[in-house]
K.L.:
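Below are the structure tokens for one structure; questions will follow.
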Amino acid sequence: MAGPGLGSGQDLWIISIALFCIASLLGALNFITTVLNMRAKGMSLMKMPLTVWTWFTTAILALLSFPVLLAAGILLLLDRLGGTSFFIPAGLVVSDTVIESSGGSPILWQHLFWFFGHPEVYIAILPGMGVASQLLSTFARKPIFGYHAMVVAVFAIGMLGFFVWGHHMFVSGLSPFSALVFSILTLAIGVPSAIKTFNWLGTLWGGKIRFTTAMLFAIGFVSLFVSGGITGLFLGQTSVDVQLHDTYFPVAHFHMIMGVAAIFGIFGATYYWFPKMFGRMLHEGLGKLHFWLTFIGVNAIFIPMHLMGIMGQLRRYAESTEFKFMEPLQPYQEFVTIAAFVTAAAQLLFLVNFCWGMFKGKKATENPWEATTLEWITASPPPHDNFGGRELVVNHAAYEYGVPGAPRDYVMQTDPPLESAK
């Protein structure tokens, strides 16, 4: 039975979240164990692709953050069903029933949720960073600029992500000192993010760029990551966040960098690894049309939303026509709505391309992109045992392009050591 005046729907929701947390913990343990114990012979940690590094870091974040959400859910369930008062203030009234309690704090729930919630946003974006790194290097025909710095930056983002949860709570009554500390840490997390961005640009600089659909989505990812991330610097300042917190500005910021950018990573990965999964190529013409409509569309949605937030457009209101000061913003709302419908419709191109490619796409070779990492040394699609039962021996780093003495402009990780390198 639920508490007085409370239905069971929320209880079932809390239980489902708890199951999700447990599943995520088991998945994180699987990833970490696999990366540490099941690498190919000769593959040191510093020879791993950055896609693996970002998934490894993501798994560590999940392992450390999901238990906090699980604990918060258990405490919330106890408040609802067990008569406790971890989050219930003294004398709370629910459906004409006064629940006497010793005085819990809803702010405690916010702390527990956001201690999980901010690492979670990096759980969403880090895999996209790994995909972008992979694609930019492959299609620029250059090694990743500053590979070791990229690895350090990935771990720094993961570590700092656990110390900035309070910037979500600037309007909840934090002490000025706590707000100052969280503000400084929030700005600090921009440093490793900037390192990654400059390294991506350094990878592109002077490269022989192949503008495939996957490459376009990788470049689009970087563009959205930068433009969406810069607005986070505004929200990291307490005095600015207090003014913008309940407007469209943080909605646009979050969805641009953690929503749309992550989706661009997913699209880039799909176009890149589709030949390996299905043995056929996606149509490049449809793919590029899909990219441009989506890229223009998401900017048409979220750039005006940033402006609307600065002008005072409130969020969390289903209807805002009663607020006179928002009437001048109605044309922006209409423009954003049209852009959203057009962008959503553009995704039908991807669906058509995906279904067509599975059955009618051009047959793919083992390595259509001339990439260097291990998955491209086996058939497309891979056989049941992936590598035909052969033992893999890794002799090279993950992104070897333009190596002097190599017979082609790339060196597979399993190629024997080059004579010029002996």
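Computation of the quantities below employed the complete heavy-atom set of this structure, encompassing side-chain atoms and omitting hydrogens, waters and symmetry-equivalent molecules.
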K.L.:
Under a 4.5 Å cut-off applied to non-hydrogen side-chain atoms, are Met305 and His255 in contact?
P.N.:
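No; the side chains remain at least 4.5 Å from each other.
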K.L.:
Centres of the Phe56 and Phe31 rings: under 6.0 Å?
P.N.:
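No, ring centres 6.0 Å or more apart.
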K.L.:
Kindly give the heavy-atom pair with the smallest separation between Asn353 and Leu286, and that separation in Å.
P.N.:
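Shortest heavy-atom contact: ND2-CB, 3.7 Å.
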K.L.:
Is the shortest heavy-atom distance from the side chain of His118 to the side chain of Phe163 under 4.5 Å?
P.N.:
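In short, these two side chains do not touch, never coming nearer than 4.5 Å.
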K.L.:
Asp246 versus Arg315: any side-chain heavy-atom pair under 4.5 Å?
P.N.:
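Side chain of Asp246 against side chain of Arg315, heavy atoms only: contact under 4.5 Å found.
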K.L.:
Side chains of Leu61 and Phe162: does their closest heavy-atom pair fall under 4.5 Å?
P.N.:
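Contact flag for Leu61/Phe162 side chains = yes.
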K.L.:
Determine yes or no for a side-chain-to-main-chain donor-acceptor pair under 3.5 angstrom, with Ser183 supplying the side chain and Gly236 the backbone.
P.N.:
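Yes; judged by distance alone, with no hydrogens or angles, the pair exists.
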K.L.:
Answer yes or no: is there a side-chain heavy-atom contact under 4.5 Å between Leu69 and Glu120?
P.N.:
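No, too far: nothing below the 4.5 Å cut-off.
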K.L.:
Suppose we screen for salt bridge (charged side-chain N to carboxylate O under 4.0 Å, His left out). Which residues come up paired with Asp241, at least two apart in sequence or across chains?
P.N.:
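Salt bridge (charged side-chain N to carboxylate O under 4.0 Å, His left out) check on Asp241 returns nothing, list empty.
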K.L.:
Is there a donor-acceptor contact under 3.5 Å from the side chain of Lys196 to the main chain of Ser133?
P.N.:
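Absent.
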K.L.:
Any chance the rings of Phe20 and Phe66 have centres within less than 6.0 Å?
P.N.:
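Ring-ring flag for Phe20/Phe66: true, centres closer than 6.0 Å.
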K.L.:
Give a yes or no on whether the backbone of Asp11 and the side-chain of Ser8 come within a donor-acceptor separation of less than 3.5 Å.
P.N.:
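No: the side chain of Ser8 does not pair with the backbone of Asp11.
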K.L.:
Trp114 and Met169: which non-hydrogen atoms are nearest, and at how many Å?
P.N.:
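Here Trp114 and Met169 meet closest at CD1-CG, 3.9 Å.
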K.L.:
Measure the shortest side-chain to side-chain distance between Leu19 and Ser16 over non-hydrogen atoms and say whether it is less than 4.5 angstrom.
P.N.:
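No, their side chains stay 4.5 Å or more apart.
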K.L.:
Do Thr414 side-chain atoms and Val394 backbone N/O form a donor-acceptor pair below 3.5 Å?
P.N.:
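It does not hold such a pair.
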K.L.:
So that I know where these two stand, are Phe113 and His168 an aromatic pair - ring centroids less than 6.0 Å apart?
P.N.:
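Here the rings of His168 and Phe113 have centres that are no less than 6.0 Å from each other.
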K.L.:
Looking at Lys288 and Leu216, would you say the former's side chain and the latter's main chain have a donor-acceptor pair under 3.5 Å?
P.N.:
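Checked: no pair found.
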K.L.:
Heavy-atom count check: over 12 atoms from other residues, nucleotides or ligands less than 6.0 Å from Phe354 CZ?
P.N.:
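Atom CZ in Phe354 is packed in, count exceeds 12.
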K.L.:
Over all heavy atoms of both residues, which pair between Thr378 and Pro382 is shortest? Give the atoms and the distance, please.
P.N.:
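Closest heavy-atom pair between Thr378 and Pro382: CG2-CB, 4.1 Å.
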K.L.:
Regarding Tyr410 and Trp369, is there a side-chain donor-to-acceptor distance under 3.5 Å anywhere?
P.N.:
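Short answer, no.
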K.L.:
Which atom names give the shortest non-hydrogen contact between Pro304 and Val336, and what distance separates them?
P.N.:
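Between these two residues, the closest heavy atoms are CB-CG2, 3.8 Å.
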K.L.:
When Ser380 is tested against each of Lys363, Lys276, Arg280 for side chain to side chain donor-acceptor pair (under 3.5 Å), which residue passes?
P.N.:
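Exactly one candidate clears the test, Lys276.
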K.L.:
Please name all residues satisfying salt bridge (charged side-chain N to carboxylate O under 4.0 Å, His left out) with Glu366, sequence neighbours left out, ordered by chain then number.
P.N.:
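Testing Glu366 for salt bridge (charged side-chain N to carboxylate O under 4.0 Å, His left out), a comparison that skips the adjacent residues, returns none.
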K.L.:
Whether the side chain of Thr373 engages the backbone of Glu375 through a donor-acceptor N/O pair (distance < 3.5 Å, no angle test) should be reported.
P.N.:
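Not a single qualifying donor-acceptor pair exists.
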K.L.:
Would you say the side-chain atoms of Ser193 pair up with the backbone N or O of Ile189, donor to acceptor, closer than 3.5 Å?
P.N.:
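Yes, because the side chain of Ser193 sits within donor-acceptor range (under 3.5 Å) of the backbone of Ile189.
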K.L.:
Tell me if the CZ atom of Phe145 is crowded by more than 12 foreign heavy atoms within 6.0 Å.
P.N.:
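No, because the 6.0 Å sphere around CZ of Phe145 holds 12 heavy atoms or fewer from other groups.
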K.L.:
Please work out which of the three classes, parallel, tilted or perpendicular, describes the rings of His290 and Tyr271, given edges at 30° and 60°.
P.N.:
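Because their plane-to-plane angle lies in the 30° to 60° range, the rings of Tyr271 and His290 count as tilted.
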K.L.:
Within the structure provided, determine whether Thr57 and Ile157 are in side-chain contact (heavy-atom separation under 4.5 Å).
P.N.:
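Not touching, per the 4.5 Å side-chain cut-off.
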K.L.:
From the options Ile74, Leu75, Leu76, select the one residue that forms a side chain to side chain contact (heavy atoms under 4.5 Å, CB included) with Phe86.
P.N.:
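Among Ile74, Leu75, Leu76, the one meeting side chain to side chain contact (heavy atoms under 4.5 Å, CB included) with Phe86 is Leu75.
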K.L.:
Closer than 3.5 angstrom, by distance alone: can the side chain of Glu284 be matched with the main-chain N or O of Thr212 as a donor-acceptor pair?
P.N.:
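No; zero donor-acceptor contacts below 3.5 Å.
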K.L.:
Can you tell me how the ring of Phe225 sits relative to the ring of Phe221, calling it parallel under 30°, perpendicular over 60° and tilted otherwise?
P.N.:
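Geometry flag for Phe221 against Phe225: parallel rings.
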K.L.:
Would you call Phe170 and Phe182 a side-chain contact if the rule is heavy atoms closer than 4.5 Å?
P.N.:
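With C-beta onward as the side chain, the pair touches.
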K.L.:
Determine whether more than 12 heavy atoms belonging to other residues, nucleotides or ligands lie under 6.0 Å from atom CH2 of Trp356.
P.N.:
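More than 12 heavy atoms, drawn from other residues, nucleotides or ligands, come within 6.0 Å of this atom.
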K.L.:
Can you confirm whether or not the ring centre of Trp53 sits under 6.0 Å from the ring centre of Phe155?
P.N.:
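Trp53 vs Phe155: aromatic centres under 6.0 Å.
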K.L.:
CZ of Phe387: more than 12 outside heavy atoms within 6.0 angstrom?
P.N.:
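Buried by this count: over 12 neighbours within 6.0 Å.
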K.L.:
Do Thr33 side-chain atoms and Asn30 backbone N/O form a donor-acceptor pair below 3.5 Å?
P.N.:
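No, the answer is negative, given that no donor and acceptor are paired below the 3.5 Å cut-off.
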K.L.:
Less than 6.0 Å separating the ring centroids of Trp165 and Phe116?
P.N.:
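Trp165 vs Phe116: aromatic centres not under 6.0 Å.
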K.L.:
Are the side chain of Thr372 and the backbone of Ala398 linked by a donor-acceptor contact shorter than 3.5 Å?
P.N.:
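Answer holds: yes.
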K.L.:
Identify the heavy atoms of Ile257 and Ile125 that sit nearest to each other, and give their distance.
P.N.:
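Result for this residue pair: O-CD1, 3.1 Å.
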K.L.:
Tell me yes or no: between the side chains of Gln347 and Thr294, is some donor less than 3.5 Å from an acceptor?
P.N.:
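Yes, a side-chain donor-acceptor pair sits under 3.5 Å.
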